[in-house]
Amino acid sequence: MIVRTRFAPSPTGFLHIGGARTALFSWAFAKKNVGQFILRIEDTDVARSTPEAVQAILDGMQWLGLDYDEGPFYQMQRMDRYKQVLQTMLDAGTAYYCYCTKDELDALRESQMQQGAKPRYDGRWRPESGKTLATPPQDIPPVIRFKNPQVGNVVWRDLVKGEISIANQELDDLIIARADGTPTYNFCVVVDDWEMGITQVIRGDDHVNNTPRQINMLMALGATIPQYAHLSMILGSDGQKLSKRHGAVSVMQYHEDGYLPEAILNYLARLGWSHGDEEIFSMQQFCQWFDLDHITSSAAQFNTEKLNWLNAHYIKLADNNLLAADVTERLAKLNIKVTAQPPLLEVIGLYKERVNTLNELATNIAYFYQQPVRDAVAAEKHLTADIMPAMTNLVALLKAVDWQPEAIHQAINEVVTQHALKFPKVAMPLRVMLTGIAQSPSIDQVMALLGKSEVLSRIEAALP
RNA sequence: GUCCCCAUCGUCUAGAGGCCUAGGACACCUCCCUUUCACGGAGGCGACCCGGGUUCGAAUCCCGGUGGGGACGCCA
């Protein structure tokens, strides 16, 4: 049988890091098994779904390179089909109308909670042989409920958590269609997973409790039951649950912040899954290795340091032309225009091994294209009066230098010797004068790239 | 409250009864490299939640406890 997996986000917000990992694992599982990966937008919550959110999800998937073989399907466009199935269930007696109002239900829930019981529908409109139902009120539009079995257990072997068993007694008759006739999530999922031929449902572990209900509905419909794999959640760096209010950020925010998709993907792959001691690998490699057996069943905490490490790694590997295009845009956002000189490709070559993010890369090289922003602490420490004679001397020497790193280095050395100093004693003030800060790559290389006239003018501007 | 799930260094993890004196990675510390900061290299610190069982032998299996998380919507 062909493996078919799906990612089924609801468009009520952006694609966040947890959703991205779920998508990644579903995608990888399909790739690994030469199957198909389907994208399905679960937009039945009309009140909260937005076209912007749909777009944000699509953008996120695209940025990460998570391509799908089918879809995106939109549940709102499948209404007719859901209603057909609903009618079938009504006819078969596996679903029924319920005339309870929301207020009635709220009151019921509250009293059950107060008694320490699990809040659940009490079945007052559930048809039973020998039971006489009240007369349906004319003024209340009914919802449709699924007639869940009341005895026995629902048991399935979860592909990551192992055998899970839940008693039907714990389940109530859930609403599968609202009073306005629109079907609800649990019902649409069942119909779609069934009709789209999903073989493995890979999703967040907050769906574990929905699974027995879905299995019951699938059985009521005579459908094939897919396998389930429930992924544990990703916690924020502080160990707390990620939520819209707390720490959850869009994957596109990582783009903004200067992370490469390769780094995000590699990081996410290792968050909850492992292949021995492997830490760094391509998506191609990941798709060959990926399996459900090596997924951790416990929650994982997000760790920016490790992401940074991976990002730094992938920046080192990245093509300079790609980095140049990206960094040019980032600099433009800072109102810095990249000019032909110094050559951006060379500047990037000098800096790509020293940064964690593309934003860092952009801000670190900004001084090549605008006057340096001087750090007060560095200036106070290194731009001391006693060094100025040497710097003045350096300017004179540099004017005659053939502008190559070696020659520049020699000129500095000459000043060092003449003034009986150590190399850093000259290099550090130079660094601050040219870059504004006390850290940079080899100063002669920086100077070579910056260009003779610019170097001279920056030093002279810094001289008393 | 009820049900479900989870538990190895600070963090991500390896671990399928003897290979474990518990391995790797990030972070941290030290040293080396050095022209500052990084990069890189070499070391170091650091964990099996607790208690019972099963077994010749348990991080691994079972039970209980504790702790954490999730679910209990006319949300998904």
Side-chain angles (χ1 to χ4, degrees), chain A residues 8-12 42-45 47-49 75 98 100-102 105-106 109 112-120 141-145 158 161-162 164-167 169-172 174-180 182-186 188-189 203-212 230 232-233 235 237 239-241 267 270-280 293-294 296-310 312 316 351-356 364 378 382 409 412 416 422-428 430-432 435 437-445:
Chain A
S10 69
T12 53
E42 313 225 314
D43 53 359
T44 51
D45 184 356
R48 282 193 284 177
S49 298
Q75 290 187 322
C98 166
C100 285
T101 62
K102 283 181 190 177
L105 258 17
D106 288 344
R109 237 190 313 271
Q112 285 167 331
M113 289 281 250
Q114 257 167 16
Q115 288 164 37
K118 186 170 182 161
R120 42 139 69 105
V143 299
I144 300 174
R145 284 183 186 272
D158 195 273
K161 290 180 185 291
I164 299 178
S165 167
I166 293 175
Q169 271 185 341
E170 296 297 328
L171 275 22
D172 62 359
L174 75 157
I175 292 170
I176 56 178
R178 302 177 178 90
D180 67 4
T182 58
T184 59
Y185 164 77
N186 270 296
C188 297
V189 166
R203 65 194 351 174
D205 113 342
D206 47 337
H207 288 290
V208 167
N209 294 275
N210 291 325
T211 306
H230 287 101
S232 291
M233 49 186 303
L235 273 21
S237 331
Q240 297 299 303
K241 184 194 177 183
Y267 179 73
R270 274 297 279 107
L271 205 57
W273 175 85
S274 63
H275 185 77
D277 287 339
E278 300 291 343
E279 293 287 351
I280 294 179
D293 300 334
H294 291 84
T296 324
S297 40
S298 54
Q301 201 169 309
F302 192 87
N303 183 248
T304 308
E305 266 84 42
K306 190 160 182 182
L307 206 213
N308 283 344
W309 170 69
L310 279 166
K316 282 174 209 157
Y351 268 87
K352 70 189 288 194
E353 302 216 333
R354 356 179 11 102
V355 296
N356 285 331
N364 284 2
H382 299 290
H409 190 84
I412 300 174
V416 165
K422 300 246 194 242
F423 193 95
K425 192 69 186 151
V426 177
M428 289 311 293
L430 203 45
R431 202 165 253 127
V432 177
T435 73
I437 58 173
Q439 303 84 238
S440 84
S442 173
I443 196 63
D444 33 1
Q445 292 198 51

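Computed from a predicted structure; not experimentally measured. By convention in this document, chain letters (A, B, ...) are assigned in the order of the sequence lines, proteins followed by strands, and residues within each chain are numbered from 1.
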Problem - Any A/K316 side-chain N or O less than 4.0 Å from OP1/OP2 of B/G40 - result: yes
Exercise for the section: Select base, sugar-phosphate, or nothing to describe what A/D43 touches, counting heavy atoms under 4.0 Å on all strands. Expected result: nothing
Exercise for the section: Just name whichever nucleotide pairs with B/A16, Watson-Crick or G-U, keeping both distances under 3.5 Å, else none. Expected result: none
Exercise for the section: Using whole Å, report how far CG of A/L310 lies from P of B/C26. Expected result: 9 Å
Practice task
Could you pick out which residue, A/S298 or A/E170, lies toward the 5' side of RNA chain B when each is mapped onto its nearest nucleotide?
Solution key: A/E170
Exercise for the section: Take A/I443 and A/I412 through the side chain to side chain contact (heavy atoms under 4.5 Å, CB included) test and state the conclusion after the steps. Expected result: CA-CA 10 Å; A/I443 196 63; A/I412 300 174; 4.2 Å; yes
Practice task
Check the distance between B/A38's C1' and A/I443's CD1 and give it to me in whole angstrom.
Solution key: 14 Å
Problem - B/U35 OP1/OP2 closer than 4.0 Å to side-chain N/O of A/R431 - result: no
Exercise for the section: Give A/P441 one of three labels, base, sugar-phosphate or nothing, depending on what nucleic acid heavy atoms sit under 4.0 Å from its own. Expected result: base
Practice task
State which of B/G70, B/C4, B/C74 makes the closest approach to the side chain of A/V208.
Solution key: B/C4
Handout entry: 5' priority, RNA chain B, between A/A427 and A/N186 [closest heavy atom]
Key = A/A427
Exercise for the section: Ignoring the backbone of A/D444, work out which of B/U13, B/C26, B/U35 is nearest its side chain. Expected result: B/U35
Fill in the blank from the handout: Any strand, both distances under 3.5 Å, Watson-Crick or G-U wobble: B/U21 pairs with none
Exercise for the section: Would you mind classifying the nucleic acid contact of A/S297 as base, sugar-phosphate or nothing, using non-hydrogen atoms under 4.0 angstrom? Expected result: sugar-phosphate
Problem - Mate of B/A38 where both pairing distances stay under 3.5 Å, Watson-Crick or G-U - result: none
Exercise for the section: Round to a whole Å and report the spacing from CG of A/L307 to P of B/A25. Expected result: 18 Å
Exercise for the section: Give A/E42 one of three labels, base, sugar-phosphate or nothing, depending on what nucleic acid heavy atoms sit under 4.0 Å from its own. Expected result: sugar-phosphate
Handout entry: Test side chain to side chain contact (heavy atoms under 4.5 Å, CB included) applied to A/E42 and A/S49, step by step
Key = CA-CA 9 Å; A/E42 313 225 314; A/S49 298; over 6 Å; no
Handout entry: Side-chain donor/acceptor contact of A/S440 with base of B/U36 under 3.5 Å
Key = no
Practice task
Remember a base hit wins even if backbone is also touched, and classify A/A300 as base, sugar-phosphate or nothing at under 4.0 Å, heavy atoms.
Solution key: sugar-phosphate
Exercise for the section: Give A/V143 one of three labels, base, sugar-phosphate or nothing, depending on what nucleic acid heavy atoms sit under 4.0 Å from its own. Expected result: base
Practice task
Remember a base hit wins even if backbone is also touched, and classify A/G204 as base, sugar-phosphate or nothing at under 4.0 Å, heavy atoms.
Solution key: nothing
Handout entry: base_contact_polar (B/U36 base, A/H382 side chain, donor-acceptor, <3.5 Å)
Key = no
Problem - A/L174 CG to A/N210 CG distance, which is reported to the nearest 0.5 Å - result: 8.5 Å
Practice task
Please work out if A/H230 contacts a base, only the sugar-phosphate, or nothing of the nucleic acid, heavy-atom cut-off 4.0 Å.
Solution key: nothing
Handout entry: B/A76 OP1/OP2 closer than 4.0 Å to side-chain N/O of A/T44
Key = yes
Exercise for the section: Classify the nucleic acid contact of A/D172 as base, sugar-phosphate or nothing, counting any heavy atom under 4.0 Å across all strands shown. Expected result: nothing
Completion exercise
From the candidates B/C3, B/U35, B/A76, the one with an atom nearest any side-chain atom of A/K118 is B/C3
Practice task
May I ask you to say what A/S165 touches in the nucleic acid, namely base, sugar-phosphate or nothing, with a heavy-atom cut-off under 4.0 Å?
Solution key: sugar-phosphate
Exercise for the section: Send over the distance from A/N356 CG to B/A38 C1', rounded to a whole Å. Expected result: 9 Å
Completion exercise
For B/C3, the nucleotide meeting Watson-Crick or G-U wobble distances (both under 3.5 Å) is B/G70
Handout entry: Separation of atom NZ in A/K306 from atom P in B/A25, rounded to whole Å
Key = 10 Å
Exercise for the section: Could you check whether A/C98 gets within reach of a base, just the sugar-phosphate, or nothing at all, counting any heavy atom under 4.0 Å? Expected result: nothing
Problem - Nearest-Å distance for atom pair CZ/P, residues A/F302 and B/C12 - result: 12 Å
Exercise for the section: Could you check which nucleotide pairs with B/C26 in any of the strands shown, counting Watson-Crick or G-U wobble with both distances under 3.5 Å? Expected result: B/G10
Fill in the blank from the handout: Checking B/A76, B/U36, B/C39 against the side chain of A/E353 (C-beta onward), the nearest is B/C39
Problem - Pairing nucleotide - B/A59, Watson-Crick or G-U, each distance under 3.5 Å - result: none
Exercise for the section: Mind calculating the distance between CG (A/D180) and P (B/G73) to the nearest angstrom? Expected result: 19 Å
Listed pairs, N/O of protein and of nucleotides 14-22 of chain B, under 3.5 Å:
from, atom 1, to, atom 2, distance (Å)
B/A14, OP1, A/S274, OG, 2.8

Practice task
Have a look at A/K161 and say if it touches a base, only the backbone sugar-phosphate, or nothing, with a 4.0 Å heavy-atom cut-off.
Solution key: sugar-phosphate
Exercise for the section: Identify the nucleotide, in any strand shown, that forms a Watson-Crick or G-U wobble pair with B/C49, with both distances under 3.5 Å; if there is none, say none. Expected result: B/G65
Exercise for the section: Would you indicate what A/I175 reaches in the nucleic acid, counting non-hydrogen atoms under 4.0 angstrom: base, sugar-phosphate, or nothing? Expected result: base
Problem - Nucleotide B/C26, atom C1' - distance to CD of A/Q301 in whole Å - result: 13 Å
Practice task
Begin with the C-alpha distance, continue with both residues' side-chain angles, and end with the deciding distance and a verdict on side chain to side chain contact (heavy atoms under 4.5 Å, CB included) for A/S237 and A/T304.
Solution key: CA-CA 7 Å; A/S237 331; A/T304 308; 4.2 Å; yes
